Colleague: 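Here it is: the structure, laid out below.
The analysis underlying the following values was restricted to heavy atoms, covering all of them including side chains, and did not include hydrogens, waters or symmetry mates. All values derive from a computational prediction rather than experimental measurement. Both ligands and their constituent atoms are indexed starting at 1 by order of listing. The chain is numbered in sequence order, starting from 1.
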Amino acid sequence: MSASLTGGAKVAGVVGAPVRHSLSPLIHNAWIEALGLDAVYAPFSPPEAGFAPFVQGLRGGVIAGLNVTLPFKEQALALADAPTPAAQAAGAANLLLFAADGEIIADNTDGTGLLSAFARQAPGFDPAAAPVVILGAGGAARGAAAAFVAAGAPEVLILNRTLARAEAIAERLGRGVRALGLDQAAHAFAGAGAVINATSAGLSGQGELDVPLAATPAGCVVMDMVYKPLITPFLAKAQAEGRRTVDGLAMLIGQAVPSFTAFFGVAPPAGVDVRALALKSLGLNERIWRRC
Ligand code: ATR
């Protein structure tokens, strides 16, 4: 929030259930403040059944736009009048923009965020150089698969505990995407350029994912979309094997960049270390974890 907020301030925000622990207000408001914008970014948490009327009520541009988080991303896409190809491919929207004429535009910047996280934390990584393995078959996995297909990955392998869910994504995304069971991990890892955990297994309090990361080539980059904890057991295992890793916080910040530009018409300022702010709010020591 800018210190000089007026009655003409531009408003954007994030909607989710729950949204209390979202880092997006911290990130966007730090950028707003640094730029001195007359703007604010607020959290919204309607009840699950109240998402559609909440969004419909915002038609007309009273609010510039919203980031959308769990569990509303699929609904957000369904409610929009004009989905971008990125949102359609992901089957979900993390960004809604409210045009003055009443139109709702749905976009998805998670894919951009994912690729920018790789660019930042694994410099030189080429998404088009080798097959990419994605673990999981929920919305996050589908978005990641769509992003790597768009980035030219020669093959995307989706591995899931429940094979049928992986097959459904592979069918939707078409050629170059294959579904396998988690028991095929060693085989799939052998030629992988990247392995991405898009399951919820790394989340605090959830079970661990037991996959043979040692089967990946030495140059393989390993990523976890979860950022709480920042170094999940999955990433710790990859680091123990000597693999380069990419964390979920880099993706969160990466998806916020194009969202901010879409809301406020200006790019985030370069000089604000939002990663350090986010790490502090997660209670982590930035000297240990800071890598971008
Ligand atoms: P989202 O839409 O947020 O990506 P989701 O639809 O709940 O989340 O999907 C969670 C994913 O994590 C699924 O792929 C799930 O596997 P199943 O489809 O077999 O349920 C996967 N997952 C969760 N916990 C897991 C665990 N302990 N081991 C392996 N996979 C797990």
Colleague: If hydrogens are left out, which of Thr199, Asn197, Leu209, Ile169 has an atom nearest to atom 22 (N) of ligand 1, that is, the closest non-hydrogen atom?
Modeller: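 The residue whose heavy atom sits nearest atom 22 (N) of ligand 1 is Thr199.
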Colleague: Judged on heavy-atom distance to atom 25 (C) of ligand 1, which of Glu74, Arg161, Arg165, Met225 sits nearest?
Modeller: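 Going through Glu74, Arg161, Arg165, Met225 one by one, Arg161 has the nearest heavy atom to atom 25 (C) of ligand 1.
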Colleague: Taking 4.0 angstrom as the limit and counting only heavy atoms of Gly136, give me the atoms of ligand 1 inside it, by number and element.
Modeller: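 Reading through ligand 1 atom by atom, the close ones are 14 (O).
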Colleague: Contact between Phe98 and Ile105 at the side-chain level, heavy atoms closer than 4.5 Å - yes or no?
Modeller: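 Side-chain contact under 4.5 Å: no.
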Colleague: Is any side-chain heavy atom of Lys73 less than 4.5 Å from a side-chain heavy atom of Asp110?
Modeller: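 Lys73 reaches Asp110 side chain to side chain.
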Colleague: Does ligand 1 come near enough to Gly139 that some N or O of the ligand is less than 3.5 Å from an N or O of the residue?
Modeller: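 N/O-N/O distance under 3.5 Å: yes.
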Colleague: Check this for me - ligand 1, Ala140, N or O atoms closer than 3.5 angstrom, yes or no?
Modeller: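 In this structure, Ala140 places an N or O atom under 3.5 Å from an N or O of ligand 1.
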Colleague: Are side-chain heavy atoms of Phe44 and Ile63 found at a separation under 4.5 Å?
Modeller: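 Yes - at least one pair of side-chain heavy atoms lies under 4.5 Å apart.
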Colleague: Go through Tyr41 and Ser24 one step at a time and tell me if the side-chain contact (heavy atoms from CB on, under 4.5 Å) criterion holds.
Modeller: CA-CA 8 Å; Tyr41 184 98; Ser24 293; 3.4 Å; yes
Colleague: So which heavy atom on Ala146 is nearest to which on Ala90, and how close?
Modeller: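 Closest pair (atom of Ala146, atom of Ala90, distance): CB-N, 4.1 Å.
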Colleague: Answer yes or no: does an N/O atom from Ala137 fall short of 3.5 Å to an N/O atom of ligand 1?
Modeller: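 Looking only at distances, the answer is yes, because the N/O contact criterion of under 3.5 Å is met.
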